[in-house]
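First comes the structure, then the notes that go with it.
Read the numbers this way: they start at 1 and go in the same order the structure lists the ligands and their atoms. We use all heavy atoms of the structure for the numbers below, so side chains are in, but hydrogens, waters and symmetry mates are not.
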Amino acid sequence: MQQFERHRRLRHSAAMRDLVREHHVRVEDLVYPLFVVEGEGIKEEIPSMPGVYHHSLDRLDEELKEIVSLGIQALLVFGVPAHKDACGSEAYAEDGIVQRAISRIKAAYPNLVVIADTCLCQYTDHGHCGVVKEGYVQNDESLALLARTAVSQARAGADIIAPSNMMDGFVAAIRKALDEAGFAHLPIMSYAVKYASSYYGPFRDAAHSAPQFGDRRTYQMDPANAREGLREAAADVAQGADFLMVKPGLAYMDMVLRLRERFDLPIVVYNVSAEYSMVKAAAANGWLDERLVVMETMVGFKRAGADLIITYHAKDVAGWLKGGNDTCR
Ligand code: PBG
Ligand code: ZN
């Protein structure tokens with residue numbers, strides 16, 4: 001008579017474990033972030049993000065070739081402009097750095113899915129994600145500029161608009177502007193549940209987007225709040241979001257699961273810059289096995305319910321998947 005369950009039967013061999021594995025990471029799940037800068041001949045490593053580079057437009061092609069050869073199908077493009085001003089006008093300039101990058105990528109690789117990050121912080125001299133008046137980031141005034149930015153990115157050829165600014169009503173404002181400009185077919189990937197996180201540090205070095213005064217806590221979410229994230233997500237769904245994102249990833253896996261259970265839209269998790277840098281630093285010291293740790297994290301995102309993973313590890317993961325090892329073992 002059996003006194004207990006024998007879970008170990010299904011773990012007996014590698015083949016047995018393969019048979020019963022519940023979650024998998026596919027190269028199609030990955031989105032690779034790309035940083036484009038003004039200038040020529042630039043391929044410069046970002047010091048706090050080893051293996052991630054600033055590329056000038058003329059050197060984008062070598063990077064794209066590598067990405068495509070690895071089977072990665074989707075890119076998230078960030079522009080680092082040469083000039084910043086109070087309104088972030090380079091964000092919506094027709095010949096802005098990101099607009100030129102998008103059209104160049106689409107011309108060379110029409111099948112790549114190009115996702116445009118829609119925010120102002122790389123482009124404003126104060127480094128905030130919207131217009132500032134009397135020290136406060138103005139919501140409704142910012143919406144108009146963000147909508148303009150989205151339309152300019154759509155005109156440049158973006159396949160998905162991904163607003164990361166955390167102004168209230170940004171999905172509705174961008175949806176309306178896109179529809180009126182003839183882009184009713186373009187989906188919006190909303191950074192719906194975005195926390196005011198210290199895990200963005202290395203990214204702000206890379207994008208030169210650190211706020212010059214204060215912080216982002218009047219618009220990004222308090223890390224202590226979960227129910228509020230559900231309200232954010234519900235509002236974005238009501239306004240017409242096509243994807244819902246949770247950001248950062250690791251410390252917010254519960255939010256991935258909560259959104260997965262509550263909403264039927266594709267869920268995206270952003271494995272952000274410091275999550276990447278921590279692994280890179282530890283691996284460089286020989287303190288962990290980078291490949292195993294990264295793959296464990298990736299399958300963890302899938303298990304939590306993410307459909308898509310935006311990650312600086314994407315090229316490494318794609319390479320490892322090609323080697324035929326689709327999860328940690
Ligand atoms: C800008 C933006 C940020 C990130 C993506 N878009 C930083 C921020 O909100 O300050 C962070 C990405 C990362 O850390 O990898 N709105
Ligand atoms: Zn921003």
Which of the numbered atoms in ligand 1 are below 4.0 angstrom from a heavy atom of [X]?
{"X": "C121", "answer": "1 (C), 16 (N)"}
{"X": "Y270", "answer": "12 (C), 15 (O)"}
{"X": "S164", "answer": "1 (C), 6 (N), 16 (N)"}
{"X": "Y312", "answer": "12 (C), 13 (C), 15 (O)"}

Should one rank E275, K194, M166, R216 by closest heavy-atom distance to atom 2 (C) of ligand 1, which comes out on top?
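Among E275, K194, M166, R216, the closest heavy atom to atom 2 (C) of ligand 1 belongs to K194.
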Quick one: which of R204, M49, Q220 has a heavy atom closest to atom 10 (O) of ligand 1?
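Answer by nearest heavy atom: R204.
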[X] and [Y] ion-paired at < 4.0 Å:
{"X": "R21", "Y": "D18", "answer": "yes"}
{"X": "R59", "Y": "E63", "answer": "no"}
{"X": "D316", "Y": "R291", "answer": "no"}

Describe, in one word, how the ring planes of Y312 and F35 are oriented to each other, choosing from parallel (under 30°), tilted (30 to 60°) and perpendicular (over 60°).
parallel
Between P47 and D205, is there a side-chain heavy-atom distance shorter than 4.5 Å?
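A side-chain contact is absent here, since even the closest heavy-atom pair is not under 4.5 Å.
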Between C129 and the Zn ion (ligand 2), is there a contact where an N/O/S atom of the residue lies under 2.8 Å from the metal?
yes
Closest to atom 11 (C) of ligand 1 among protein heavy atoms sits K247 NZ, 3.0 Å
Counting non-hydrogen protein atoms only, what is the nearest one to atom 14 (O) of ligand 1? Give residue, atom name and distance.
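Nearest neighbour among protein heavy atoms for atom 14 (O) of ligand 1, to 0.1 Å: S273 OG, 2.7 Å.
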What do you reckon, does Y276 put a non-hydrogen atom under 4.0 Å from ligand 1?
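It does not, in that no heavy atom of Y276 comes within the 4.0 Å cut-off of ligand 1.
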Of the non-hydrogen atoms in I105 and V77, which two are nearest, and what is the gap between them?
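The pair with the smallest heavy-atom distance is CD1-CG2, 4.0 Å.
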What one should report as the nearest heavy-atom pair of P187 and D159 is CD-O, 3.3 Å
One residue to check: C119. Relative to ligand 1, which of side chain, backbone, both or neither has a non-hydrogen atom less than 4.0 Å away?
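It is the side chain that gets close, since no backbone atom is under 4.0 Å.
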Is it the side chain, the backbone, both or neither of D117 that has a heavy atom closer than 4.0 Å to ligand 1?
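For D117, only side-chain atoms sit under 4.0 Å from ligand 1.
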Identify the residue among F203, Y123, Y200 that makes a side-chain contact (heavy atoms from CB on, under 4.5 Å) with S209.
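For S209, the side-chain contact (heavy atoms from CB on, under 4.5 Å) check succeeds only for F203.
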